[in-house]
Amino acid sequence: MAMEILYFAWVRQKVGQGAETLEPPAEVADVAGLMRWLAARSPGHAAAFAQPGQIRAAVNQEFCPPDHPVRPGDEVAFFPPVTGG
Amino acid sequence: MAMEILYFAWVRQKVGQGAETLEPPAEVADVAGLMRWLAARSPGHAAAFAQPGQIRAAVNQEFCPPDHPVRPGDEVAFFPPVTGG
Amino acid sequence: MATVRVQEAPFDIAAEQAALAEGRVDVGGIAAFTGLCRADDGIAALVLEHYPGMTERALAGIAAEAEARWPLTGCTVIHRVGRILPGEPIVLVLAASAHRTAALEACAFLIDWLKTGAPFWKREEFADGRERWVEARASDDAAAERWRQAV
Amino acid sequence: MATVRVQEAPFDIAAEQAALAEGRVDVGGIAAFTGLCRADDGIAALVLEHYPGMTERALAGIAAEAEARWPLTGCTVIHRVGRILPGEPIVLVLAASAHRTAALEACAFLIDWLKTGAPFWKREEFADGRERWVEARASDDAAAERWRQAV
């Protein structure tokens, strides 16, 4: 079962797309691991995830820290710190 | 020269009028003295000033404590604590 | 720039906010407080009396104090007088600033200060004909005192 | 009862306040905050992006938190997305309560919390074609943190 990966703001611009459906290998177990795996997919991904400390994540539409687990079927989003209001 | 005396809210209702022009004697030197002098003018005045601690005053449209001086030509107002907003 | 008004007519918050921001691009936030007449204990109406002349001076003084304490681009205080029915607005306070914190704090200051520093008096009228002057509340004095200590 | 909306269209604060108080006589005060687009540094427009689905959940969660902390009769959060010009409104927060302190505090909480807890991102566009993503501010994190400690 795949994961739905979403990108917003400059993460989206660097990756070059807003969403992709992917099947990471089983050793990708948490948000930080998924970021490392995604960074290797393309130069755009590499640029987007070059400084992981600048990226925030949500798993199934809840903000999550880097050690939060990810599982097949999850919706995982990556974006910069929010700036609404 | 006279003083303009104004009454508001239940002070006005008890006195029975909203304004009067009076010439207190020279020994009426401050707000508290003016209240004692006014209280002797009629049963309505007496009722209005029966509990001086419940009355607030303004001299020339500024809130003032009981020991604030009053002089001929002043506009002096008496009223309960304010309840706007 | 402060606008203060005492009026019998209702007010339009959208029009007042538009006037505060009109032609400006440096206003980042407008904080507003609208006080409404509640029907507590079966109140049929509030009748608001004020001290003409002193009221406008007091409101202008309160607005000037807010503008001295916070970097506002403007503020507005409108207080109604006369007979007001439950559900109707009584008072409107607006504070505009480049940044939200100044607007929010100034708005809270204005309404707290106005409750204890402007010569208005409320009389409650009940359906059965009884009436009662509203008594000042210690909590309002405490709220205003909080700002005095913050100087 | 909380109303949360994400929309491209402008909003009407008077209509939103009327909806909060409609048919009620127990609302004593409505606190409001309107965030506006400033033209700092020659900004020609802000473009607001969000995370559809998560945004509505986050706003509903923030509103529910406010209603749990203060005795509100209702609250409203409306956030615009898309292209917004200087002087135009971006966000509206309303909090209604029987008493002013609850309304004022809940309103400040809602806007502080929304700044750090809802998935919106602002891009600034300049007249010369440059664009820049707005960076999160430490002061916004501190403002939100203040409420966390107040639990």
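No hydrogens, no waters, no symmetry mates; every other heavy atom, side chains included, goes into these values. We name chains A, B, ... by the order of the sequence lines, and we start the count at 1 in each one.
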Student: If I measure from the heavy atoms of chain D, does A/Gln54 come under 4.5 Å with its side chain, its backbone, both, or neither?
Tutor: neither

Student: Would you mind telling me which of D/His79, D/Met54, D/His50 has the largest number of heavy-atom pairs within less than 4.5 Å of chain A?
Tutor: D/Met54

Student: For the side chain of D/Thr116 and the backbone of D/Asp140, is there at least one donor-acceptor N/O pair under 3.5 Å apart?
Tutor: no

Student: If you look at every heavy atom in D/Leu20 and D/Gly74, which pair is closest and at what distance?
Tutor: CD2-C, 3.7 Å

Student: Which region of D/Glu131, side chain (C-beta onward) or backbone (N, CA, C, O), has a non-hydrogen atom less than 4.5 Å from a non-hydrogen atom of chain A, or is it both or neither?
Tutor: side chain

Student: Report yes or no: does D/Arg80 contribute a side-chain atom to a donor-acceptor pair with the main-chain N or O of D/Pro89 at less than 3.5 Å?
Tutor: yes

Student: Give a yes-or-no answer on whether the side chains of D/Trp113 and D/Glu65 include a donor-acceptor pair shorter than 3.5 Å.
Tutor: no

Student: Is a side-chain donor or acceptor of D/Thr73 paired with a backbone partner of D/Ala96 at a separation under 3.5 angstrom?
Tutor: yes

Student: What option among D/Gly61, D/Gly35, D/Ala58, D/Gly53 has the most heavy-atom pairs under 4.5 Å with chain A?
Tutor: D/Gly53

Student: Please name all residues satisfying salt bridge (Lys or Arg N to Asp or Glu O under 4.0 Å) with D/Glu124, sequence neighbours left out, ordered by chain then number.
Tutor: D/Arg132

Student: Counting only heavy atoms closer than 4.5 Å, note whether A/Arg56 contacts chain D via side chain, backbone, both or neither.
Tutor: neither

Student: I'd like to know which of D/Tyr51, D/Phe120, D/Phe33 tops the heavy-atom pair count under 4.5 Å against chain A.
Tutor: D/Tyr51

Student: Given heavy-atom pairs under 4.5 angstrom as the criterion, report whether the side chain, backbone, both or neither of A/Ala9 touches chain D.
Tutor: both

